Amino acid sequence: MAKITKLDDIVSLCKRRGFIFQSSEIYGGLASCYDYGPLGVELKNNVKKAWWKAVVQMRDDVVGVDCSILMHPLVWKASGHADKFADLIAECKKCNVRTRVDHLKEKVAEQAEEHTEHIAIDAAMAGTGNLGKKVCPNCGAVGQFTEPMPFKLMFETQMGANVDDSMTMQLRPETAQGIFVNFRNVLDTTRVKIPFGIAQIGKSFRNEVTTKAFIFRTREFEQAELEFFCEPGTDEKWYEHWKEQRFNWYLNLGIKKENLRFREHEANELAHYAKGCVDVEYKFPFGSGDWQELEGIANRTDYDLRQHQRGMRTLNKWFENDRKLANIGLADEAEDYQSGPLSYFDEEKKRRYIPYVIEPSAGMDRSTMAFLVDAYDEEEVRGEQRNLLRFHPAIAPIKAAIFPLVKKDGMPEVARKIYDDLKRYFNCFYDEKGAVGRRYRRQDEAGTPFCITVDGQTLQDQTVTIRERDSMEQIRVSTDQLRNHLREKLDM
RNA sequence: GCGGGUGUAGCUUAGUGGUAAAGCGCCAGCCUUCCAAGCUGGCCAUGUGGGUUCGAUUCCCAUCACCCGCUCCA
């Protein structure tokens with residue numbers, strides 16, 4: 001059984017094997033930022049490829065996009081992030097515990113709701129005059145709060161080299177909005193028909209109040225998101241469809257069933273626009289052995305497209321107000337919004353409507369860590385401990401390692417030739433140093449599923465051995481069958 | 001942000017107000033015809049910055065980072 005029981009074990013493993021390093025480590029590190037090393041980048045790329053293959057390549061009803069991280073400021077006004085993606089937090093002077101102002105209640109007995117809708121900062125500030133009666137949920141002190149502190153959860157940056165004439169922009173806090181904003185472009189250029197989806201993988205940025213647990217909650221992170229557009233009334237069916245698809249994706253890539261579960265959100269923790277939401281959770285071994293979210297699958301209804309129709313109607317007001325978001329509110333929704341610019345015309349039913357959206361949103365860094373943790377194993381072989389990563393071949397950083405059994409008798413030359421051929425098709429690794437057993441074990445630690453060894457017999461009959469990682473068993477295969485054999489085993 | 005803890009080689013650890021030690025790993029070589037064998041040699045460390053001191057890795061202060069808990073989790 002795997003001996004990873006603490007986060008430290010994972011951090012150590014990631015460093016030791018070159019998967020993940022602290023960012024800017026030689027400068028003492030930078031909080032919440034991490035770099036993927038040589039094996040890590042292969043692993044994460046493979047996870048992303050596997051997602052893309054399952055969600056885009058293998059489906060007739062999903063297309064992909066890759067949007068810029070910087071977007072028009074009104075996008076975040078329309079999506080709600082500009083106003084609501086900010087919290088007011090007050091700190092209790094007695095016990096120094098910080099609480100979201102909108103979570104504070106006037107009596108101890110009142111249970112603070114776990115997830116309440118965020119309130120625009122201005123409105124919230126106006127409504128905080130009476131913190132004097134509020135109760136600290138931690139120590140029970142009444143009215144002992146500091147002035148509310150606003151928290152900006154979006155990263156800001158400047159666009160424009162001329163400092164006096166630059167515009168403040170936000171780094172996207174989610175990739176989804178790039179998809180909604182391109183809904184019409186995709187409709188107009190790709191002949192897709194509802195139901196269909198648009199997928200994207202990319203970096204997002206959020207100024208988390210606190211970061212947590214290695215790469216689990218970082219301020220810069222990578223998301224894989226699908227917005228699946230469907231006719232209202234069919235959304236429940238598609239919600240169930242994607243729940244099943246996404247859950248099985250993890251299982252098919254080797255995550256152990258007992259470590260994966262759904263957690264359905266309660267009605268009172270749903271975002272105001274969401275009709276339903278479920279998390280795919282993984283049982284990480286650290287902390288209290290907590291289940292942690294890898295992916296959320298939400299029914300976002302027609303909220304986002306409707307909001308962007310409002311955003312488009314706000315454009316003039318924005319120009320008139322000196323391009324200052326603070327001065328303007330989002331325009332009202334048109335009465336005939338159902339036939340607005342982001343609506344869809346169903347040719348068969350001769351009906352125009354705003355589609356509903358099912359959104360599976362997966363954290364690529366989180367799932368990469370889950371695949372790593374789940375694959376880790378230690379076992380005893382002939383009295384020796386063997387450490388290995390039992391990666392599914394599709395996500396293994398190195399697919400095959402090629403060795404000469406010994407470094408003489410022309411074996412290195414033959415092995416080298418095999419390596420040069422195979423590396424055109426798979427990520428391969430060549431090694432001729434030291435005892436072959438040690439080379440096998442090194443590949444076990446990197447999670448390489450197959451090792452190919454050139455031995456004395458190869459020189460006689462052009463066969464090599466293929467040693468399988470998990471069983472350590474070997475078979476002989478003719479060199480001219482090698483590529484096909486591996487391709488089949490690797491499911492590529 | 002609060003409380004607690006940690007920081008010595010790539011990793012795991014030892015140790016000391018006076019030359020910083022070991023195992024594993026890694027590199028070079030020898031040997032090796034299938035699972036971390038052996039031999040020889042080699043590389044690499046006190047997070048950063050100050051202070052006290054003749055001398056600090058050790059004591060003090062600050063800072064950075066990480067971990068645990070609280071909090072937060074769009």
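Just so it is clear, the structure is predicted and the values come from calculations on it, not from any experiment. Throughout, protein chains are lettered first and strands after them, A, B, ... in sequence-line order, and every chain is numbered starting at 1. Just so you know, these numbers use all the heavy atoms, side chains as well, and skip hydrogens, waters and symmetry mates.
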(request) Using the closest heavy atom to pick a nucleotide of RNA chain B for each, name whichever of A/Gly28 or A/Lys407 lands nearer the 5' end. (result) A/Lys407
(message) Taking only the C1' atom of each, what is the distance from B/U12 to B/G4 in whole angstrom?
(response) 24 Å
(message) Please classify the nucleic acid contact of A/Phe21 as base, sugar-phosphate, or nothing, using heavy-atom distances under 4.0 Å.
(response) nothing
(message) Can you measure A/Glu432 atom CD to B/A28 atom C1' for me and round it to whole angstrom units?
(response) 14 Å
(request) Measure the distance from CG on A/Asn387 to P on B/G25 and round it to the nearest whole Å. (result) 12 Å
(message) From CZ of A/Arg16 over to P of B/U13, roughly how many Å is that when rounded to an integer?
(response) 11 Å
(request) Grab the CZ-C1' distance between A/Arg219 and B/C66 for me, whole Å please. (result) 14 Å
(request) Determine the Euclidean distance between corresponding P atoms of B/C67 and B/G23; express it in Å to zero decimal places. (result) 31 Å
(request) Pick base, sugar-phosphate or nothing for A/Ser32, based on heavy-atom distances below 4.0 Å to the nucleic acid. (result) sugar-phosphate
(request) Flag this pair as yes if the NZ/CZ of A/Arg246 is under 6.0 angstrom from the six-membered ring centre of A/Trp249 and inside a 45 degree cone about the axis; otherwise no. (result) yes
(request) Looking at every strand, decide which applies to A/Phe403 at a 4.0 Å heavy-atom threshold: base, sugar-phosphate, or nothing. (result) nothing
Could you run down the sub-3.5 Å N/O contacts of the protein with nucleotides 33-35 of chain B?
{"from": "B/U33", "atom 1": "O4", "to": "A/Asp409", "atom 2": "OD2", "distance (Å)": "2.8"}
{"from": "B/C34", "atom 1": "O2", "to": "A/Tyr440", "atom 2": "OH", "distance (Å)": "2.6"}
{"from": "B/C34", "atom 1": "O2", "to": "A/Gln474", "atom 2": "OE1", "distance (Å)": "3.4"}
{"from": "B/C34", "atom 1": "O2", "to": "A/Gln474", "atom 2": "NE2", "distance (Å)": "2.7"}
{"from": "B/C34", "atom 1": "N3", "to": "A/Tyr440", "atom 2": "OH", "distance (Å)": "3.4"}
{"from": "B/C34", "atom 1": "N3", "to": "A/Gln474", "atom 2": "NE2", "distance (Å)": "3.0"}
{"from": "B/C34", "atom 1": "N4", "to": "A/Asp455", "atom 2": "OD2", "distance (Å)": "2.7"}
{"from": "B/C34", "atom 1": "N4", "to": "A/Thr465", "atom 2": "OG1", "distance (Å)": "3.4"}
{"from": "B/C35", "atom 1": "O2'", "to": "A/Arg441", "atom 2": "NH2", "distance (Å)": "2.7"}
{"from": "B/C35", "atom 1": "O2", "to": "A/Arg441", "atom 2": "NE", "distance (Å)": "3.4"}
{"from": "B/C35", "atom 1": "O2", "to": "A/Arg467", "atom 2": "NH2", "distance (Å)": "3.0"}
{"from": "B/C35", "atom 1": "N3", "to": "A/Arg467", "atom 2": "NE", "distance (Å)": "2.9"}
{"from": "B/C35", "atom 1": "N3", "to": "A/Arg467", "atom 2": "NH2", "distance (Å)": "3.2"}
{"from": "B/C35", "atom 1": "N4", "to": "A/Arg467", "atom 2": "NE", "distance (Å)": "3.3"}
{"from": "B/C35", "atom 1": "N4", "to": "A/Met472", "atom 2": "O", "distance (Å)": "2.7"}

(request) Report the nucleotide, chosen from B/C11, B/C26, B/A28, that has the shortest atom-to-atom distance to any side-chain atom of A/Ser12. (result) B/C11
(message) Under 6.0 Å between ring centres: does that hold for A/Phe183 and A/Phe229?
(response) yes
(request) Spell out, as yes or no, whether a donor-acceptor pair under 3.5 Å connects the side chain of A/Tyr239 to the backbone of A/Val357. (result) no
(request) Could you tell me whether A/Gln385 contacts a base, only the sugar-phosphate backbone, or nothing, with contacts defined as non-hydrogen atoms closer than 4.0 Å? (result) base
(message) Can you check the distance between B/C27 and B/G10, where both ends of the measurement are the C1' atom (answer in whole Å)?
(response) 13 Å
(request) Could you list all the ring-ring contact (aromatic ring centres under 6.0 Å, His included) pairs where at least one residue sits in residues 429-478 of chain A, not counting sequence neighbours? (result) A/Phe403-A/Tyr440, A/Tyr419-A/Tyr430
(request) Dot-bracket notation for RNA chain B is requested: 5' to 3', Watson-Crick or G-U wobble pairs only, both distances under 3.5 Å, with ( ), [ ], | and . as defined. (result) (((((((..((((....[..)))).(((((.......)))))....(((((..]....))))))))))))....
(message) Using whole Å, what does the distance between atom P of nucleotide B/C68 and atom CZ of A/Phe216 come to?
(response) 12 Å
(message) Suppose you measure atom C1' in B/A20 against the same atom in B/A9; what distance do you get, rounded to whole Å?
(response) 11 Å
(request) Return yes if a side-chain donor-acceptor contact under 3.5 Å exists between A/Glu468 and A/Ser471, otherwise no. (result) yes
(message) If I take atom CD1 in residue A/Ile215 and atom P in nucleotide B/C67, what distance separates them, rounded to the nearest angstrom?
(response) 11 Å
(message) Tell me if the aromatic rings of A/Phe262 and A/Phe247 count as close, with their centers under 6.0 Å from one another.
(response) yes
(message) A quick test of your reading: do over 12 heavy atoms of other residues, nucleotides or ligands sit less than 6.0 Å from CD of A/Glu473?
(response) no
(message) Work out how far the C1' atom of B/G49 is from that of B/U13, and round it to whole angstrom.
(response) 27 Å
(request) Locate the shortest heavy-atom distance separating A/Ala224 from A/Ile201; write the atom from each residue and the value. (result) CB-CG1, 3.9 Å
(request) Could you state the atom-to-atom distance from CD of A/Glu384 to P of B/C24 in whole Å? (result) 11 Å
(request) Could you work out the separation of B/A14 and B/C66 based on their P atoms and round it to a whole Å? (result) 23 Å
(request) Look at atom CD of A/Glu413 and say whether more than 12 heavy atoms of other residues, nucleotides or ligands are closer to it than 6.0 Å. (result) yes
(request) May I ask you to check whether A/Gln309 and A/Arg306 show a side-chain donor-acceptor distance below 3.5 Å? (result) no
(request) Return the minimal non-hydrogen interatomic distance between A/Asp374 and A/Ile255, and the atom names on each side. (result) OD2-CA, 3.2 Å
(message) Rounding to an integer number of angstrom, what distance separates B/C54 and B/C11 when you compare their C1' atoms?
(response) 37 Å
(request) Return the value, rounded to whole Å, for the distance between atom CD of A/Glu445 and atom C1' of B/C24. (result) 11 Å
(message) Less than 4.0 angstrom between a side-chain N/O of A/Lys15 and OP1 or OP2 of B/G10, yes or no?
(response) no
(message) With rounding to the closest Å, how many angstrom separate the P atoms on B/G15 and B/A56?
(response) 23 Å
